[in-house]
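Let me begin by presenting the structure, written as structure tokens, before commenting on it.
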Amino acid sequence: MEITRYRIIFSGSGGQGLVSAAIILAEAAVLHENLEAVQSQSYGAAARGGATRADVIIADGPINMPKITQPSILICMTQEAYTKFSPLIRPGGLLISDKKFVKTTRRVDARQIELPLYQTVVSEIGNAVVLNICVLGALIGMRGIVKKSSVEQVLADKFPPAFMAGNQMALDIGFEMGFEYAQ
Amino acid sequence: MEITRYRIIFSGSGGQGLVSAAIILAEAAVLHENLEAVQSQSYGAAARGGATRADVIIADGPINMPKITQPSILICMTQEAYTKFSPLIRPGGLLISDKKFVKTTRRVDARQIELPLYQTVVSEIGNAVVLNICVLGALIGMRGIVKKSSVEQVLADKFPPAFMAGNQMALDIGFEMGFEYAQ
Amino acid sequence: MAKKKKLKRHAINREWCKGCGICVAVCPKNVLELNSKEKAVAARKQDCIACQLCEEICPDLAIEVMVKYVEESTSGDK
Amino acid sequence: MAKKKKLKRHAINREWCKGCGICVAVCPKNVLELNSKEKAVAARKQDCIACQLCEEICPDLAIEVMVKYVEESTSGDK
Amino acid sequence: MDVKYYLRERFFPHMWCAGCGHGIVLNSLVRAVDLLGLKKRDIVMVSGIGCSSRISGYVDFHSLHTLHGRALAFATGVKLSKPSLNVIVPMGDGDALAIGGNHFIHAARRNINITALVMNNRTYGMTGGQFSPLSGVGTKATTAPYSNIDREFDTVELATGAGATFVARTTVYHVKQLQSLIKKAISHDGFSVLEVLSQCPTYFGRKNRKGSAVDMLNSFKDGTVPVGSKKKQENPELIERGIFVEKQLPEYCDAYAELVERATAK
Amino acid sequence: MDVKYYLRERFFPHMWCAGCGHGIVLNSLVRAVDLLGLKKRDIVMVSGIGCSSRISGYVDFHSLHTLHGRALAFATGVKLSKPSLNVIVPMGDGDALAIGGNHFIHAARRNINITALVMNNRTYGMTGGQFSPLSGVGTKATTAPYSNIDREFDTVELATGAGATFVARTTVYHVKQLQSLIKKAISHDGFSVLEVLSQCPTYFGRKNRKGSAVDMLNSFKDGTVPVGSKKKQENPELIERGIFVEKQLPEYCDAYAELVERATAK
Amino acid sequence: MSKNITFVQGNEACALGAMYAGLDFYAGYPITPSTEIAETLALTMPAAGKKFIQMEDEISSMCAIIGASLTGNKVMTATSGPGFSLMQEALGYAVMAEIPCVVANVQRGGPSTGNPTHVSQGDVNQARWGTHGDHSIVALSASNHQDVFRMTVEAFNIAETYRTPVILLFDEVIGHMREKLIIPQEEEIPRVARLRTSLKEGVNYHPYLPREDGRLPMSDFGDVHRFNVTGLYHDMWGFPTDKPDVVQELLRHQVDKIENNVHKMTFYKSYFLEDASVVLISYGSSARSALSVVKQRRNRGESIGLLELNTIWPFPAELVRECTQNAELVAVVEMNVGQLTQSVKLAVGSSKRVHLINRVDGQMINDKDIKKILRILQGRGI
Amino acid sequence: MSKNITFVQGNEACALGAMYAGLDFYAGYPITPSTEIAETLALTMPAAGKKFIQMEDEISSMCAIIGASLTGNKVMTATSGPGFSLMQEALGYAVMAEIPCVVANVQRGGPSTGNPTHVSQGDVNQARWGTHGDHSIVALSASNHQDVFRMTVEAFNIAETYRTPVILLFDEVIGHMREKLIIPQEEEIPRVARLRTSLKEGVNYHPYLPREDGRLPMSDFGDVHRFNVTGLYHDMWGFPTDKPDVVQELLRHQVDKIENNVHKMTFYKSYFLEDASVVLISYGSSARSALSVVKQRRNRGESIGLLELNTIWPFPAELVRECTQNAELVAVVEMNVGQLTQSVKLAVGSSKRVHLINRVDGQMINDKDIKKILRILQGRGI
Ligand SMILES: Cc1ncc(C[n+]2csc(CCOP(=O)(O)OP(=O)(O)O)c2C)c(N)n1
Ligand SMILES: Cc1ncc(C[n+]2csc(CCOP(=O)(O)OP(=O)(O)O)c2C)c(N)n1
Ligand code: SF4
Ligand code: SF4
Ligand code: SF4
Ligand code: SF4
Ligand code: SF4
Ligand code: SF4
Ligand SMILES: [Mg+2]
Ligand SMILES: [Mg+2]
């Protein structure tokens, strides 16, 4: 019997690199922690204009169903994404959103955590490109889905060395912000 | 039960108009004598280079099978056609060939009649184009498959008036030549 | 007498504007800019010459430059 | 010394020839004709200048003009 | 001008990315139609598949959104069966000249009165940035990671070689010219081809470091000159804009009408 | 010359009608190959479907008889996968330019080293005489009983517009030129197009009262002039023969080899 | 003698049937053995003021007739195997966009270029499944020219009634042979006209909203209603959507409008089936030979019958089940490796009773071929 | 951590599998959801000195790979529904001319443009019958990336062994999702090389004369043997013929080489079938959900099992019959209106036991969907 640990949806807009964040998370789990993971995302005309969505499921054993109907963790990086996806969240789940982009409502039955991710990244790194890594940092800071070192390894393997510093900073910033909410 | 009267194959080379002759015969039967007829012919690369073949079946009632395996009457207007098709003829059938083009052999189990059709047409009409009509004339002269008047009507309906004289001559010549062998 | 186009107002459809910045870039009078929500706004209306270039080039058909036609002022020095 | 092409013989493949008459028409010396079986034959061999046009144009590749190369006769008047 | 009169408003904002040049073509198209005074019910937009092809869904004409590459074949059926209609065919560069190349040259050959707008963004936008037959040697694309070795067509030369009787080119930067050429192309009695250079900032731009949509628009300004300009001789890299071919030859539907006269006279 | 060395004799006499021009193309082709001194095993003939396409079965090279209109696409696979081969593609006018038009223009665009011989008899011979995109306005055909309204392509202009780097035309009457142009086309390093006017006495000739095969050949003699001849100016109806385009541009397989170098260098 | 009697090829009968049905627009590309359909229409259509166009290939032919259908015309194309393969993408478009159109496929030997001048019935299952994606299809066949004419008219009727492409699956023997055809009187065969919406300008017209009776009235391009036509899943106005419920409903609608109306589109002929312990099932030219065998055997007193299917798709499973209920032996006579036999087996339920009698060498199956195999099936050896 | 572990899309797994199998030549045209196969190969092939070409369309892509196969290469193309429809004519050519090649079809919603970014398994029967004429075909599927890789290698193996086109029938979910793939060691999966004739120059080589073991050794274009390749029926040298006996023999050879070797090409997985009274049959991504249901129900002690088919065509009827012999209920789980269900019914014989569990709205069928329908089938209502 499979033991699913996490069903995570990253949502936001096309340019935010959330698909990459989802893949990096899944790779950290699969390549460095001997876990299973499945990642999928939205395609097509929907993906072009509106909200993107990237799903990651992480588990100890084989994952049969790659699609998430009820995320245990939902990350929303635009208002549109929040509106569209927040109804899906599993009651009692975790919803992380960005303070600048999302105005949350009370109607969501989940623990909602608003973080000033964008603002922090821009002010501390000066480059919004690494926002997605910061999101990822916050997520694993909050919930130890994978080890920070695993993510670091993926980043090191994936990107040219020149990018490492920025990524590392973003990851650290996010991690710290998230860690405050760790349970 | 169908009563098949005639299974006739016209064979020769592409330019000889034998397909037309076959069609005219069948039309005479269908349009003017209330008989049933089916006509078919060879197509494709085979038809281009080698021997052409046009089949006509004429019967009192419905004709189910349009293809002739054993013709009761075979007309051969080239040596190649003779070689290829004479083995098919129904034992005791009738084989009509042209003296100029075909050298017959004894090996065929049929009544073989060689007529100087080409030569006569050329010398008496001076135009080999109507050879096919002459062949048709010979055929119905020999075996009253359809009335001569029926063929004349088809010719009149099918061709411009200017052609009628030549066609009529050819038909008459053939008919007379054939009539000598009428049984 | 010649009539002259004058700006009435810019009707910018915030729902349709995607903040590409094309109108901002092509405006010959630097009238437009993107606001904090990345939507076009007519920040310097007074400079607008109602050329309608922004309207005609907006890929999201989000701008209408409402114009009025006024008679060419002849009161000035000839 | 210049060599000159001379006819050895025409090899006409009767099996392949379809009697189109093209060789007959293009031969500059009117060497060829169709026989009663509608096959090309070299009726006036003596006139052939071995130009091989008939060979090169025959659509049925049915003609080969066999040639020999003889030295240009210099015995005549110079 | 009230562009909304010509639009199917409920589908706006449209699906194109921010800064996509295709929206500018749409903008100019409705203005050209307005200037021509055409009735909406007399226009059929026939398109294939691609980002560009989605344009037909946004205009309040009859619209036929067909198969990738086949729009001109469908359009030929529409036009010949009802010649009174104005048939406009917006096409992507892949749609028109990769998979659809054959219908393109045959429509040109027949000189059937259809207007083909080739929205050339030098990429397959809809499928995510593969190279197209107009990308050109040296460009990058998801299927040309080591840079492209495929020579490009010159749309104008191809259309001309195929016999099109109206051939023109401009860019989405040159909106006035764009409107005017669309008008001329629609008015032309015969097959007309208008190539419009259009930017895809999302794929072509990103892959080829062409900057923002604004940067790409500026490159249209700087990289093109009017037909016959001297600058072109000095710098052959420059792309010419304007009308390259404009001639009158029998239009296909007209020729068909004459054929019917011949046939019924018999 | 021993043409039989290059022929598959057992299939002779061939299937073409008496006087069909396609046989003359075959005749010239084997001579051109002989003159070039090519080895039989280094040649692949790729053809589509049509009377013309049957030519590949008669020559003792590698032969690939494919689908109607698709020969150049198959040939592209052959050539790119083994660039050392000489790939020659004999095509009918319908095969090359009706159903196969797209592959034709794209092969030209890519400049892949393939030789396309367009055997233009202005009809669909194999299917019995329908009009083709090269028949021309005013001709008759089984599908144009009231005379044809379809404009024709000019093969030379189309190939040129598509970017072919070698474009030539001659007729089966001009056998010496035919041999020489086939040689040049094969030798050209890039995509080469040679249009050969060829007679179909059986269908085009008969339907259009062009007389015998000999008459049709004579019309090629009388109806054509060398490229650039003054006669053409006096009589624009005349068709030019000769080389129209001959230029060197990077060949596709060569460009691919360079691409591999770039990719493996990484 | 009445002028209505003609002696024509099957392909001509098809063309004449199409004219009778009201054909307005034809686009095609020549291919043996279907070419005479085009050639006949090239002569007759312009003379009747109708549109005939020879396109650059089969793909564009299929596309062109769809375009022409949308301006309000009855349309058709004709082809054979290779061309039919090329038409599959656009055929699927006609299914999805619900465009009335008729496609004749005069079958020849396949696969590929195959045996182009010889007979086959090898495209039966391709007609059903040739285009990608879930869909249903209508395909009719005929074994003589009178039926070729009739089925051609019915094809147009079904196309218009159900807004669907209809395939005419003929074969080389039928296409090429000549036999008698009596052209029906003007009103002899009912003809279904294009159903156009009666909604006036300004009233919201839904091109894809079925009426209570299931039919979808159309509106011509150029008429007052402007809507969208697409090959994407779409809503009732014709605009693209990927909403799961709309997708599912549209797919079901398109499949069900055919499958639920099998009985209304089933054409067939039965010969001596009442008491038949041996039932032959056939279609197209092979049904002629099957009929010949049945008549011969009946003359000998054997209880054998024939079900000739003029409707092949949607498969008339109910009819086949009924007709074979009491049969000890069911044999499908066809010129392929057993394509319709599969469907017969599924319909009959017990596949042990169902056998194939076929010929696949390019020659028409004849009475002797059938009798030979039948003897063996009946346990009587060679 | 071994370098052989990767985390990739199914499309990448397919591309990597093809490289592992020895892919030399790829030609294709982009289309969602298959494009990543081409994109991955555009990156990896040139770097390995292999040939990658983006053609002008799918027709030419299919033709180009056939041409390249004949020079001695392992070849492949990839596409989705609309492109697959366009490839049908040339696919039939590959069947007729017996050309080894692999065609991946990553299925999306059809018919027509359909639902291009959503999942479907609607091309199952098209894969079988999409090209005209009688023929057989091989089609493989997979439900996870390890199998995608493996089946891709097997596709090349079958293509080479039987000189036949092989179709890889994946679906959007499999193509797009990312999961773990362990790249096998160099010799871990056997790879079948092109079988070339050992005949020397001058010795009469027959490209279409089967050896005793049924295989037909090939000779590369450019090598010493010159022969003819055609889509017409042909003799053992590859030259066209319409001789009835040759035609029939060639057709039978081409059909039988596939149908008679079903057992050799059947790949499948079985879960808990030994004692299962309920047997689910599935393939592709829907098999994942089916497996999930089976595991859940087994945990509850129910006797339910799953047969996952990796080989879809030739249909492993014998296997299905065996696996379902003792089942009270057989349910085919697929994302279409029941395409494979038909074949299962024919195999099982009694169609009353066989049911369809499906979803056709573009969404992946999940465990809940299956359980819902299963309850109803088991008479337990909603
Ligand atoms: C037969 C077929 N092949 C491929 C596709 C996939 N496809 C959709 S749009 C497209 C290309 C789009 O490029 P282009 O035509 O240039 O339009 P753009 O999106 O760039 O405006 C492709 C390859 C398809 N839908 N149908
Ligand atoms: C897909 C397809 N469509 C149509 C045909 C029928 N067909 C065979 S050859 C041919 C045209 C032949 O004309 P052309 O290419 O000019 O060659 P020719 O016979 O005149 O030499 C056609 C239409 C076919 N074989 N395949
Ligand atoms: S051009 Fe249009 S979409 Fe772009 S910023 Fe201006 S108003 Fe907004
Ligand atoms: S109308 Fe002209 S000046 Fe005014 S804002 Fe627009 S572009 Fe600027
Ligand atoms: S050209 Fe050739 S085929 Fe024609 S007549 Fe002369 S030898 Fe015979
Ligand atoms: S070689 Fe020349 S001269 Fe001699 S027969 Fe031939 S064409 Fe005539
Ligand atoms: S992908 Fe490119 S072409 Fe498509 S909408 Fe975005 S910018 Fe425009
Ligand atoms: S039909 Fe025409 S093209 Fe074909 S072989 Fe005969 S003459 Fe030549
Ligand atoms: Mg594009
Ligand atoms: Mg031709």
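Convention: sequence-line order gives letters A, B, ...; per-chain numbering from 1.
- Y233(G) places no side-chain N or O within 3.5 Å of a backbone atom of G362(H) that could act as its donor or acceptor partner.
- Of the listed residues (T113(G), V95(G), T241(G)), the greatest number of heavy-atom pairs within a distance under 4.5 Å of chain H belongs to T113(G).
- Using modelled atom types, one side-chain atom of D123(H) and one backbone atom of G133(G) make a donor-acceptor pair closer than 3.5 Å.
- Smallest separation of non-hydrogen atoms from P111(G) and Q254(H): CG-OE1, 4.4 Å.
- The line from CE of M87(G) to CG of L86(H) is 13.0 Å long, rounded to the nearest 0.5 Å.
- With a 4.5 angstrom heavy-atom cutoff, V337(G) touches chain H via backbone and side-chain atoms both.
- Without hydrogens or angle criteria, N125(G) side chain to W129(H) main chain gives no donor-acceptor distance under 3.5 Å.
- Of the two parts of Q342(G), the backbone and the side chain both hold a non-hydrogen atom closer than 4.5 Å to a non-hydrogen atom of chain H.
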Please assess H118(G) against V247(H) for the test side chain to side chain contact (heavy atoms under 4.5 Å, CB included), listing each intermediate value before the final yes or no.
CA-CA 11 Å; H118(G) 292 267; V247(H) 168; over 6 Å; no
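- If you tally non-hydrogen atom pairs under 4.5 Å between each of K243(G), K345(G), Q339(G), Q121(G) and chain H, the highest count goes to Q339(G).
- Under the side-chain hydrogen bond (donor to acceptor under 3.5 Å, both in side chains) rule, H132(H) has a single partner from S85(G), S80(G), S112(G), S120(G), which is S85(G).
- Using a 4.5 Å cut-off between heavy atoms, V360(H) contacts chain G through both its backbone and its side chain.
- Among G83(H), A90(H), G130(H), the residue making the largest number of heavy-atom pairs under 4.5 Å with chain G is G130(H).
- Interface check for chain G: of the options G81(H), G122(H), G114(H), G92(H), the most heavy-atom pairs under 4.5 Å are formed by G114(H).
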Give the C-alpha distance, both sets of side-chain angles, the deciding distance and a yes or no for side chain to side chain contact (heavy atoms under 4.5 Å, CB included) between L232(G) and N115(H).
CA-CA 6 Å; L232(G) 289 160; N115(H) 208 359; over 6 Å; no
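- Contacts of Y93(H) with chain G are made by both backbone and side-chain atoms, with heavy-atom separations under 4.5 Å.
- Between atom CD of residue Q363(H) and atom CG of residue D245(G) there is a gap of 10.0 Å, rounded to the nearest 0.5 Å.
- For L250(H), no part lies near chain G; criterion is any non-hydrogen pair under 4.5 Å.
- With N336(G) contributing its side chain and D134(H) its backbone, the two residues share no donor-acceptor pair below 3.5 Å.
- Counting heavy atoms of neighbouring residues, nucleotides and ligands inside a 6.0 Å radius, atom CD of Q248(G) exceeds 12 of them.
- In this structure, chain G has no heavy atom under 4.5 Å from any part of R108(H).
- Contact annotation for L251(H): only side-chain heavy atoms (C-beta onward) come within less than 4.5 Å of a heavy atom of chain G.
- Neither the backbone nor the side chain of R128(G) comes within less than 4.5 Å of any heavy atom of chain H.
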